[in-house]
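Throughout, a chain's letter reflects where its sequence line sits, starting with A, and its residues are numbered from 1.
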Protein chains: 2
Amino acid sequence: MSVTADPLRVWLIEDQAAFRRTVARALSSSPALECTAHFDRCETALGEVGRMRPSEHPQVIVLDIGLPGMSGIEGIKAFKQCLPAVQILLFTVFEDEDRVLQAICAGASGYLLKSSPLREIIAAVQEVASGGASIHSHIARRVLDLLARLGQPTATPQYGLTETERDILKHLTNGSSKKEIASARDTSFHTVSTHIRNIYEKLHVHTVSGAVSKTLRERLL
Amino acid sequence: MSVTADPLRVWLIEDQAAFRRTVARALSSSPALECTAHFDRCETALGEVGRMRPSEHPQVIVLDIGLPGMSGIEGIKAFKQCLPAVQILLFTVFEDEDRVLQAICAGASGYLLKSSPLREIIAAVQEVASGGASIHSHIARRVLDLLARLGQPTATPQYGLTETERDILKHLTNGSSKKEIASARDTSFHTVSTHIRNIYEKLHVHTVSGAVSKTLRERLL
DNA sequence: CATCGTCTCGCATGATTGTGCGATACCGCG
DNA sequence: CGCGGTATCGCACAATCATGCGAGACGATG
């Protein structure tokens, strides 16, 4: 690879101004990269895309997943639409696995911890630009598990859900209320309530909609 | 984490005898690992599983993907069946992406190049045992792309849903409450309530779970 | 037999929903 | 200029839900 190649054009979208400037400077400090613009929200960046020549379009976008206004997930889809060749790197804090998974399904090519050392961030941008992916190993694992489940419809018990819990979950995904479930299973309302409570804990959600959503998205039943 | 914890029991399955012994020795050289057995083919290893106490079962299997007899892919399925908790690391040469993808769909948790330094192999085993995954970035990228393709559905039936309604539905499928949606959209709680009410009518449901379920099942978004 | 996980049931309270019944305002269209 | 569709906002009340706390019964497992 030539050392005189044009540097990669990178955009950074991150709402915390101080942090954004730090990272932008770090990116540009690498001779192989140039942070040609940075924004505090997707909307601004998307508006800018239309105003510039294609030769100025970014090749990589580093995108905070937790932005005000348009979410990172929607942002990915929007960018992918107007810049089909762009590579998108997520920028996020730890413990946000579900959103990261959704983002990956939306087309992100990598995942970066905000707490990463700057040199790792630079390395990740280059990795992604060269056709690789940059993912934290625990996220990678969840991606693999998800894929394994999609690849093999074989019902694998997930999240340690009990038979009873799965049955109740099934009712929930049909839109039933606790009361209806109790009568369908011929048990007490309180019992159903307890089971749902345990389901919430195992699935890390705290609403019916969250449980239903996770169940259907991850093919838990 | 204790330094006196029992070492991880690792099996190695690889048909090239010299290389197998080298790697086995390297694995056991780490105090955290112990290569308790190594085989030249899956069949032998599978037979051994039945003959031993569960406490001697391996926690991680490092498996060559290109084996004589039973293929690595079949091997993964067989091991996963008789040792549900086992973690499987693929061991392979470069340029074998398609088979690696198949293997991942079969349940492998990681991927290792035979040309990797021994210290990386040890690290990968530990990574996988602790719930992570170990994947080369180019494989990771193909996995991500595959997932993105699966995640992107097709043209869909609508129910005459408005743009606003679809947006609110999206929030609902993320498990958000009305209050959260209102603040995310920067509007009144009552407005959100009204929209949801209209969504219910259009989708013929009367609970959040019903709406979420219908949305995800029929790929409404 | 002691412990653990599961299923069962209960109560109480505050938060959230579902729904009926309004109202104002903007916009496109005939 | 009316009219329909959409988006906005409001109130009120019953139903439902989320969650903390507690507890008895049963089977499996060590």
Side-chain angles (χ1 to χ4, degrees), chain A residues 43 69-70 74 98 155-216 220-221, chain B residues 6 52-57 83-85 158-216 220-221:
Chain A
E43 290 85 340
M70 180 181 276
E74 298 167 89
D98 289 319
T156 10
Q158 287 310 125
Y159 295 97
L161 287 176
T162 305
E163 182 55 38
T164 308
E165 287 162 355
R166 279 195 296 274
D167 181 59
I168 287 180
L169 208 38
K170 195 186 314 172
H171 283 95
L172 284 181
T173 60
N174 289 333
S176 305
S177 70
K178 288 182 181 179
K179 195 191 279 186
E180 289 167 342
I181 297 175
S183 109
R185 287 180 51 86
D186 195 36
T187 96
S188 153
F189 168 85
H190 301 289
T191 303
V192 176
S193 227
T194 304
H195 285 306
I196 290 184
R197 177 187 325 221
N198 294 330
I199 291 173
Y200 284 173
E201 193 168 343
K202 291 181 180 175
L203 259 40
H204 304 117
V205 299
H206 59 287
T207 55
V208 191
S209 45
V212 168
S213 167
K214 198 151 189 169
T215 301
L216 293 180
L220 254 37
L221 293 182
Chain B
D6 284 341
M52 58 184 14
R53 294 198 305 272
S55 65
E56 295 172 315
H57 284 163
L83 298 170
Q158 295 293 9
Y159 285 83
L161 288 175
T162 301
E163 181 56 36
T164 308
E165 286 162 355
R166 277 196 298 273
D167 181 60
I168 287 179
L169 207 39
K170 196 184 313 175
H171 282 95
L172 284 182
T173 60
N174 287 333
S176 305
S177 70
K178 289 182 182 178
K179 196 189 281 185
E180 289 167 342
I181 297 175
S183 110
R185 288 180 51 87
D186 194 36
T187 140
S188 151
F189 168 86
H190 302 289
T191 303
V192 176
S193 229
T194 303
H195 286 305
I196 291 183
R197 181 186 325 217
N198 294 331
I199 291 173
Y200 285 172
E201 193 168 343
K202 291 181 180 176
L203 295 189
H204 306 294
V205 298
H206 60 288
T207 54
V208 192
S209 45
V212 168
S213 171
K214 196 148 191 169
T215 301
L216 294 178
L220 256 35
L221 293 182

Exercise for the section: Identify whether any heavy atom of A/K178 sits under 4.0 Å from a base atom; if not, whether one sits that close to sugar-phosphate; answer base, sugar-phosphate or nothing. Expected result: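 Base: the residue A/K178, judged by heavy atoms under 4.0 Å, touches a nucleobase.
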
Handout entry: Flag for A/T164-A/T162: side-chain donor and acceptor within less than 3.5 Å
Key =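 Judged by distance alone, the side chains do not pair up.
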
Looking only at heavy atoms, which two atoms of [X] and [Y] are closest? And how far apart?
X: A/V212; Y: A/L172; result: CG2-O, 3.7 Å
X: A/G160; Y: A/K202; result: O-NZ, 2.9 Å
X: A/S176; Y: B/S209; result: O-OG, 4.3 Å
X: A/L169; Y: A/A211; result: CD1-CB, 4.2 Å

Exercise for the section: Using the closest heavy atom to pick a nucleotide of DNA chain D for each, name whichever of B/F189 or B/E165 lands nearer the 5' end. Expected result: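 Per heavy-atom nearest nucleotide, the more 5' residue is B/E165.
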
Nearest whole Å is fine: how far is [N] [atom2] from [X] [atom1]?
X: B/D186; N: D/dC9; atom1: CG; atom2: P; result: 9 Å
X: B/E163; N: C/dC27; atom1: CD; atom2: C1'; result: 17 Å
X: B/E180; N: C/dT16; atom1: CD; atom2: P; result: 9 Å
X: A/I168; N: D/dC17; atom1: CD1; atom2: C1'; result: 15 Å

Practice task
Answer yes or no: is there a side-chain heavy-atom contact under 4.5 Å between A/L203 and A/L161?
Solution key: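 In contact.
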
Problem - Side-chain heavy-atom pair B/D167, A/E74 within 4.5 angstrom cut-off - result: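 Sidechains of A/E74 and B/D167: in contact.
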
For [N] and [X] - does any side-chain N or O of the residue sit under 4.0 Å from the phosphate oxygens OP1/OP2?
X: B/K179; N: C/dT16; answer: yes
X: A/T207; N: D/dA18; answer: no
X: A/T164; N: C/dC7; answer: yes
X: B/T162; N: D/dG5; answer: no
X: A/R185; N: C/dC7; answer: no
X: B/S177; N: C/dA15; answer: no

Handout entry: Heavy atoms from other residues, nucleotides or ligands near CD of B/E180 exceed 12 (cutoff 6.0 Å)
Key =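 Count over threshold, so yes.
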
Practice task
Return yes when atom NZ of A/K179 has more than 12 non-hydrogen atoms of other residues, nucleotides or ligands closer than 6.0 Å, and no otherwise.
Solution key: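 For A/K179, atom NZ is not crowded (no more than 12 foreign heavy atoms under 6.0 Å).
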
Exercise for the section: Mind grabbing the angle between the end helix axes of the helix from C/dC1-D/dG30 to C/dG30-D/dC1? Five pairs an end, 10° rounding. Expected result: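 That helix has its two terminal axes inclined by roughly 50°.
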
Practice task
For side chain to side chain contact (heavy atoms under 4.5 Å, CB included), just list the numbers for B/I199 and B/I168, CA-CA rounded to whole Å, side-chain angles, deciding distance to a tenth of an Å, and then say yes or no.
Solution key: CA-CA 9 Å; B/I199 291 173; B/I168 287 179; 4.1 Å; yes

Practice task
Quick one: pull up OG in A/S177 and NE2 in A/H171 and give me the separation to the nearest 0.5 Å.
Solution key: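 Between A/S177 OG and A/H171 NE2, I get 10.5 Å after rounding to 0.5 Å.
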
Handout entry: Spacing of A/Y200 atom OH and A/T207 atom OG1 [to the nearest 0.5 Å]
Key =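 Reported value, rounded in 0.5 Å steps: 6.0 Å.
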
Practice task
Can you sort out which residues in residues 190-205 of chain A have a heavy atom within less than 4.0 Å of DNA chain C? Ascending by number, please.
Solution key: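 Heavy-atom contacts with DNA chain C come from A/H190, A/T191, A/T194, A/H195.
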
Practice task
Using a 4.0 Å heavy-atom cut-off, write out nucleotides 24-30 of chain D from 5' to 3' as B (base contacted by protein), S (sugar-phosphate only) or - (no contact).
Solution key: -------

